[in-house]
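These notes concern the structure reproduced below.
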Amino acid sequence: MTQTRGLPIQNDSDAAIVARVLAGDTQAFAVIVARYRTQYGRYAVRMLGSREDAEEALQDAFVRAYRSLAKCDEPERFAPWFFRILANRCRTAGTRRGRRERTFVNDELALLGASEEHPAERAAWREELDRALQRLDTDQREAFLLKHVEDLGYDDMAQITGVGVSALKMRVKRACERLRVLLEEVQGA
Amino acid sequence: MPEETRDPFIEQIASELKRPVRLDARFDERVMAALDAPDVIPLHPAREARRPWIVRPWTVSVSPISAFAVAAALVAVVAMGAWQLRTVDQVQVASNATEGGNLVPVADVGAEPLVVHQFTFYATSAKSLAVVGQFNGWDQTATPMTEVSKGMWTVSVPLRLGVYEYQFIIDGTTRVIDPSMPQVPSDFGSPNSVVTISRKVPQ
């Protein structure tokens, strides 16, 4: 079998890279990892509330995706397929973690906001926001993040979660209500 | 239920949560290293070919006469193996499939015997059937099944001891599970069937 190696493939489509990996060029998978780690890393961090747990779930998702790449029936739609795997891993990790004390990522958020006006206030607000987010039920947190942070439509959310659109809408609604109560409590304190 | 109307409070929260996060600088490196772990199943024969020759499966070409001789020898080995199973009770091979005990011992090399497992599926209207699973990289062209009688499809696959997830594919498009076997949830919504290839025979 002839294989093309060493060519720049950063701009190739997901389908082209998947085909390349399946043809034996395993290193091409690094392009996929680099392409999606930031976007999906953010989702994992928000879901799990800890960078360490998020990296573990994200790495696990990439390995599972790689292992099942031949099962990706529509490689041109690799991203939603991968997102489904990651969402599952985050749910599993969240369940496994249980009531273990969560480590928030506010050090990072504070660092990113250091150049802003009133950085201490911003950092405190982000800390409360993260805390409130982690106090949501996993299902509600997942639905809220998919809808309002990842900006997905309900049909896409249904595909990723395997949950019906009506139930997802209800989860988003309840998540919004709960966040409002939790954060207003803080602001009013 | 109508779509949510714009809510400045929620938008403020969302905007905050959309801020990027930084992962460990060596994250990509760690993922790529994890792909080389021994339990990560090869994707494709092309990748197999890049493995060291000592751990790579090999193909032997034989003439028809030699093939007949080899087949006869294999039958003898199988027969002896079966005889040993009953007398010495050493290597026992089992299936948690339904009746019939459709596992046949082929060889016992060291600690990892190779066992032929027969997958069976009943589908009267199918034009083609294949089994896909962890043992063939979920490749739907790798293990086609044969219709041995009206609607009864089978294929025999040599497997190492272990637990394998699998599905059947009807006419190249429809994925179905094996209703006679245990199921586990998969990352893709639908469940997978599970077969356990073990040494123990059910009592």
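These numbers come from a predicted model, not from an experiment.
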Check your understanding: Within the side chain of B/Glu16, is there an N or O that forms a donor-acceptor pair under 3.5 Å with the backbone of A/Leu129?
Key -> no
Practice item. Calculate, to the nearest 0.5 Å, the distance between atoms CE and CZ belonging to B/Met32 and A/Phe62 respectively. Key: 10.5 Å
Exercise for review: Measure A/Leu145 against the heavy atoms of chain B and call it side chain, backbone, both or neither at under 4.5 Å.
Suggested key: side chain
Practice item. Identify the heavy atoms of A/Lys71 and B/Asn192 that sit nearest to each other, and give their distance. Key: NZ-OD1, 3.6 Å
Practice item. For A/Arg46 and B/Leu17, indicate whether the former's side chain and the latter's backbone hold a donor-acceptor pair under 3.5 Å. Key: yes
Review point. Which bit of A/Ile160 is near chain B, if near means a heavy-atom gap under 4.5 Å: side chain, backbone, both or neither?
Key: neither
Check your understanding: Around atom CZ of A/Arg174, are there more than 12 heavy atoms of other residues, nucleotides or ligands at under 6.0 Å?
Key -> no
Point to revise | Contact check, side chains of A/Phe144 and B/Ile13, non-hydrogen atoms, under 4.5 Å | key: yes
Point to revise | Spacing of OG1 belonging to A/Thr26 relative to CG belonging to B/Leu35, to within rounding of 0.5 Å | key: 7.5 Å
Exercise for review: Sort out for me which of A/Asp151, A/Leu86, A/Val165 touches chain B most, counting heavy-atom pairs under 4.5 Å.
Suggested key: A/Asp151
Review point. Of the listed residues (A/Leu58, A/Leu133, A/Thr161), which shares the most heavy-atom pairs with chain B below a 4.5 Å separation?
Key: A/Leu58
Point to revise | Nearest-0.5 Å distance, NZ of residue B/Lys18 to CZ of residue A/Arg42 | key: 7.5 Å
**Study point:** Closest approach of A/Ala70 to B/Gly137 (non-hydrogen atoms, all atoms of both residues)
**Key:** CB-O, 3.1 Å
Check your understanding: Heavy-atom distance under 4.5 Å to chain B: side chain of A/Tyr43, backbone, both or neither?
Key -> neither
Check your understanding: Looking at CD1 of B/Ile10 and NZ of A/Lys147, how far apart are the two atoms once the value is rounded to the nearest 0.5 Å?
Key -> 12.5 Å
Exercise for review: Between chain A and each of B/Glu29, B/Glu11, B/Gln140, B/Arg175, count heavy-atom pairs under 4.5 Å; write down the option with the most.
Suggested key: B/Arg175
Review point. From B/Asp28 CG over to A/Gln59 CD, what is the distance, rounded to the nearest 0.5 angstrom?
Key: 10.5 Å
Revision key, fill the gap. When rounded to the nearest 0.5 Å, the distance separating OG1 of A/Thr38 from CZ of B/Phe27 is 9.5 Å
Check your understanding: Which bit of A/Arg37 comes within less than 4.5 Å of chain B, counting heavy atoms only: side chain, backbone, both or neither?
Key -> both
Point to revise | Proximity breakdown for B/Glu165 and chain A, heavy-atom pairs closer than 4.5 Å | key: neither
